[in-house]
Amino acid sequence: MESSNCAMDPRDTAPDSWEQEEDVKARAAAGLQSALAALNVNAKPFIPNVDAAVFVPTFLQSSPTEISNSDGHGRSVRACGGVSVGLTRSPVENGGGTEADMAVEVETWEQKEEPGEGEPGGGGAQGREEVEMMEEEEEEELPVLKVIPLPPNAPKKEHVNVVFIGHVDAGKSTIGGQIMYLTGMVEKRTLEKYEREAKEKNRETWYLSWALDTNQEERDKGKTVEVGRAYFETEKKHFTILDAPGHKSFVPNMIGGASQADLAVLVISARKGEFETGFEKGGQTREHAMLAKTAGVKHLIILVNKMDDPTVNWSLERYEECKEKLVPFLKKVGFNPKKDIYFMPCSGLTGANLKDPIEECTWYMGLPFIPHLDSLPSFNRITDGPVRLPIVDKYKDMGTVILGKLESGSIAKAQQLVMMPNRHTVEVLSLLSDEVETDEAVPGENLKLRLKGIEEEEILPGFILCNAENLCHSGRTFDAQIVIIEHKSIICPGYNAVLHIHTCIEEVQITALICLVDKKTGEKSKTRPRFVKQDQVCIARLRCAGTICLETFKDFPQMGRFTLRDEGKTIAIGKVLKLVPEKD
């Protein structure tokens with residue numbers, strides 16, 4: 001009875017379809033098992049220890065004392081380290097052989113190695129193929145899911161969100177992928193796999209960007225669509241990479257990414273022709289820099305990428321040329337060239353000057369990119385202010401889950417909060433900060449909250465979580481100061497556009513123009529203008545199609561600055577001056 005059991009079990013533990021050569025292996029296994037069958041005499045006293053109730057503490061180091069009862073199985077159990085209940089139950093019926101075999105199978109899951117050769121059921125060509133297929137499925141998601149476990153009692157590192165912006169094909173995703181590799185967030189073998197797959201598609205230079213562009217459409221076209229997310233850590237800080245799309249069709253996604261950022265990295269290509277395309281009127285280099293400023297990014301690092309290109313070859317002249325063209329524009333947008341802007345050369349594909357300085361570039365004396373990020377001063381966060389968490393995304397997963405960056409205040413587990421503008425009272429069931437569960441969160445962290453008391457359908461991106469004592473303002477009409485950036489004709493009252501404010505997107509109409517503002521002196525005109533045109537600054541009354549959450553720029557800058565877009569272009573940027581109460 002027992003020996004027939006032994007011969008069957010490898011087939012049970014293996015996948016359903018086997019090739020005929022497996023029968024030969026099974027017969028060889030049966031011979032091996034019968035030699036080991038003597039061990040089964042000792043199996044009887046071992047039965048009580050296998051019950052699930054006793055199995056729970058094996059993670060708490062209680063297993064060695066139980067294991068010491070049986071010599072026969074002690075070794076094999078210790079080899080697998082107590083991975084699953086089914087694993088320790090099988091030796092009771094069979095011999096030690098299949099158990100060792102299962103231990104190996106578990107190892108293939110854990111360590112993703114190929115099954116051992118000498119085991120009765122671990123080999124088999126098809127089995128190996130199945131494991132490899134599953135490996136590939138698992139590895140598709142690997143780069144996004146990898147999280148560094150924090151040692152207990154470690155001081156909390158400061159969270160910094162870095163958004164990568166710039167024109168299409170400047171190398172944003174590639175730099176992001178390279179940083180993840182250099183900081184150990186993506187394994188070398190995963191990148192080798194991407195490189196193999198990219199080579200098959202004749203796209204071998206794209207493989208690094210695949211760490212952030214995870215869906216098939218993005219990989220096939222080589223263009224980011226959604227804002228990619230990844231994490232990496234340095235000695236002092238915990239960084240979240242927000243990889244924004246560069247294509248002009250996906251600017252709304254980019255605005256959503258920039259609204260969560262503390263720091264922007266503008267990637268420009270030094271390659272002849274590419275920088276010029278990105279910087280001219282239709283290019284995204286200008287628009288992205290302006291949108292980042294509007295979204296509240298104070299510090300801008302400009303990475304001059306592709307310096308290793310044969311047309312550039314780490315030339316100082318080309319680097320200075322890009323710099324000279326950019327600085328006046330960034331100054332116009334509102335960045336202070338002395339304090340807010342930092343230029344550095346790099347190469348995303350080779351990783352030069354991202355983590356370690358390089359020899360070819362003798363003229364650059366500053367720190368490489370990652371050490372520079374680490375050396376930046378801390379951001380001042382409002383920890384004791386009211387809770388404000390603009391919602392970026394929501395989905396269903398055992399309840400309602402929302403994603404967003406905490407702008408001010410702190411959130412704890414089991415806390416009661418209010419969802420504005422609907423005024424739903426909700427409770428925080430669980431709290432994840434960058435995929436790691438915590439009990440409390442402080443401003444600047446990217447959070448995933450599971451909420452109780454609200455359905456997923458009742459939430460829209462742009463809603464705000466607040467504490468009940470201090471709700472944020474909501475309304476439809478407000479007065480704002482607007483700068484017209486780019487518009488062919490004039491803008492009159494009745495003009496419609498799309499308003500992007502924090503994470504909210506809403507249709508808006510300019511109902512009245514109140515006055516013009518002189519750019520140099522800041523003086524307001526006495527008469528109401530009949531229209532405004534490009535490069536003018538005005539104060540106007542705007543009315544949204546629906547109720548939105550907003551604050552005045554003076555009270556809460558992150559929720560008081562906005563962008564107006566129309567026909568795929570950024571028309572104007574502005575700040576909320578006053579909220580107008582609704583007339584009943």
Side-chain angles (χ1 to χ4, degrees), residues 157-158 160-167 170-172 174-185 208 232-239 241 261-272 274-276 278-279 285 288-289 292-293 297-379:
K157 292 184 179 177
E158 185 192 3
V160 180
N161 289 1
V162 183
V163 66
F164 282 82
I165 55 175
H167 193 65
K172 297 179 291 296
T174 301
I175 287 177
Q178 184 69 264
I179 288 170
M180 287 167 68
Y181 169 57
L182 292 171
T183 52
M185 296 304 290
L208 283 159
F232 71 94
E233 291 204 351
T234 58
E235 282 173 33
K236 300 174 197 159
K237 294 184 175 78
H238 174 104
F239 290 95
I241 298 175
D262 303 302
L263 181 75
V265 177
L266 178 62
V267 181
I268 58 171
S269 166
R271 191 182 281 169
K272 285 270 189 295
E274 281 192 12
F275 168 70
E276 286 73 10
F279 190 64
T285 303
H288 278 198
K293 183 65 184 170
V297 172
K298 293 177 192 67
H299 196 84
L300 185 71
I301 296 174
I302 294 112
L303 278 182
V304 184
N305 190 21
K306 307 193 185 181
M307 290 294 288
D308 61 324
D309 192 76
T311 62
V312 184
N313 205 7
W314 297 97
S315 138
L316 177 61
E317 287 74 41
R318 178 66 173 159
Y319 175 75
E320 288 297 335
E321 182 190 339
C322 297
K323 208 167 158 179
E324 275 161 26
K325 281 186 183 169
L326 267 172
V327 169
F329 169 71
L330 294 172
K331 204 170 172 181
K332 184 180 154 196
V333 170
F335 287 103
N336 178 342
K338 292 189 178 66
K339 287 195 301 196
D340 305 339
I341 303 176
Y342 191 84
F343 281 85
M344 62 172 72
C346 78
S347 161
L349 191 62
T350 60
N353 208 33
L354 286 179
K355 193 178 182 187
D356 303 309
I358 63 148
E359 289 143 25
E360 290 106 85
C361 187
T362 46
W363 42 267
Y364 176 70
M365 293 303 173
L367 286 168
F369 181 62
I370 298 172
H372 176 74
L373 285 182
D374 210 16
S375 67
L376 289 173
S378 295
F379 293 89

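Keep in mind that this is a model prediction, so the values were computed, not measured. Throughout, numbering of the chain's residues begins at 1 and tracks the sequence.
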Chemist: Do you know which two heavy atoms are closest between Leu330 and Ala289, and how far apart they sit?
Modeler: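 Residues Leu330 and Ala289, closest heavy atoms: CD2-CB, 3.7 Å.
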Chemist: Does Lys237, at its NZ atom, have more than 12 non-hydrogen atoms belonging to other residues, nucleotides or ligands within less than 6.0 Å?
Modeler: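 More than 12 heavy atoms, drawn from other residues, nucleotides or ligands, come within 6.0 Å of this atom.
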Chemist: Whether the side chain of Asp262 engages the backbone of Val160 through a donor-acceptor N/O pair (distance < 3.5 Å, no angle test) should be reported.
Modeler: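 Checking the backbone N and O of Val160 against the side chain of Asp262, no donor-acceptor pair under 3.5 Å is found.
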Chemist: Are more than 12 heavy atoms from other residues, nucleotides or ligands located less than 6.0 Å from atom OH of Tyr181?
Modeler: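 Result for OH/Tyr181: open.
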Chemist: Identify, with sequence neighbours excluded, every residue that meets salt bridge (charged side-chain N to carboxylate O under 4.0 Å, His left out) alongside Glu321.
Modeler: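 For Glu321 the salt bridge (charged side-chain N to carboxylate O under 4.0 Å, His left out) partners, ignoring immediate neighbours, are Arg318, Lys325.
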Chemist: Heavy-atom distance under 4.5 Å between the side chains of Pro368 and Asp356, does that happen here?
Modeler: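 Pro368 does not reach Asp356 side chain to side chain.
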Chemist: Can you tell me how far OH of Tyr342 sits from NE2 of His299, rounded to the nearest 0.5 angstrom?
Modeler: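 Interatomic distance, His299 NE2 to Tyr342 OH, rounded to 0.5 Å: 9.0 Å.
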Chemist: So, taking the atom named CZ in Phe239 and the one named CE in Met180, what distance separates them when rounded to the nearest 0.5 Å?
Modeler: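 So the gap between those two atoms works out to 15.0 Å.
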Chemist: Do His372 side-chain atoms and Leu367 backbone N/O form a donor-acceptor pair below 3.5 Å?
Modeler: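 Between the backbone of Leu367 and the side chain of His372 there is no qualifying donor-acceptor contact (under 3.5 Å).
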Chemist: Given 3.5 Å as the limit, does a donor-acceptor pair link the side chain of Thr285 with the main chain of Gly278, or not?
Modeler: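 Pair found, side chain donor or acceptor close to backbone of Gly278.
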Chemist: How about Phe343 and Val327: do any of their side-chain heavy atoms sit closer than 4.5 Å?
Modeler: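 Contact flag for Phe343/Val327 side chains = yes.
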Chemist: Begin from the C-alpha positions of Ile301 and Phe369 and carry the test side chain to side chain contact (heavy atoms under 4.5 Å, CB included) through to its verdict.
Modeler: CA-CA 9 Å; Ile301 296 174; Phe369 181 62; 4.1 Å; yes
Chemist: Indicate yes or no for a side-chain donor-acceptor contact from Lys355 to the backbone of Leu182 under 3.5 Å, with no hydrogens or angles considered.
Modeler: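 Yes: the side chain of Lys355 pairs with the backbone of Leu182.
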Chemist: Does Trp314 use its side chain to pair, donor to acceptor, with the backbone of Trp363 at less than 3.5 Å?
Modeler: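 Looks like no, no N/O pair under 3.5 Å.
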Chemist: Check whether Lys172 reaches the backbone of Val267 with its side chain - one donor and one acceptor, N or O, closer than 3.5 Å.
Modeler: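 Looks like no, no N/O pair under 3.5 Å.
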Chemist: With no hydrogens and no angle check, is any side-chain donor or acceptor of Glu233 less than 3.5 Å from a backbone partner on His238?
Modeler: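 Not at all, since once roles are kept as given, no pair shorter than 3.5 Å links the two residues.
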Chemist: Checking Ile179 against Phe164 for the side chain to side chain contact (heavy atoms under 4.5 Å, CB included) test, could you report, in this order, the C-alpha distance in whole Å, the side-chain angles of both residues, the deciding distance, and whether it holds?
Modeler: CA-CA 12 Å; Ile179 288 170; Phe164 282 82; 3.8 Å; yes
Chemist: Using a cut-off of 6.0 Å, state whether more than 12 heavy atoms not belonging to Lys331 lie near its atom NZ.
Modeler: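 Open: at most 12 neighbouring heavy atoms sit under 6.0 Å from NZ of Lys331.
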Chemist: Roughly how far, to the nearest 0.5 Å, is OG of Ser347 from CD of Gln178?
Modeler: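 Output value for this atom pair is 8.0 Å.
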Chemist: How far does CG of Asn336 sit from CD1 of Ile341, to the nearest 0.5 angstrom?
Modeler: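 Spacing of CG (Asn336) from CD1 (Ile341) equals 7.5 Å.
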Chemist: Which is it for Ile268 and Val304 under the side chain to side chain contact (heavy atoms under 4.5 Å, CB included) test, yes or no, and what are the steps along the way?
Modeler: CA-CA 5 Å; Ile268 58 171; Val304 184; 4.0 Å; yes
Chemist: So how far is it from Asn353 CG to Cys361 SG, rounded to the nearest 0.5 Å?
Modeler: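 With rounding to 0.5 Å, CG (Asn353) is 6.0 Å from SG (Cys361).
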Chemist: Keeping Asn305 on the side-chain end and Ala170 on the backbone end, is there a donor-acceptor pair under 3.5 Å?
Modeler: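 Judged by distance alone, yes, a pair lies under 3.5 Å.
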Chemist: Determine, step by step, whether Phe232 and Leu373 satisfy the side chain to side chain contact (heavy atoms under 4.5 Å, CB included) criterion, reporting the C-alpha distance in whole Å, the side-chain angles of both residues, the deciding distance to 0.1 Å, and the verdict.
Modeler: CA-CA 12 Å; Phe232 71 94; Leu373 285 182; 3.9 Å; yes
Chemist: Tell me the closest heavy-atom pair linking Lys272 and Glu276, and the distance in Å.
Modeler: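 Scanning both residues, the minimum pair turns out to be C-OE1, 4.2 Å.
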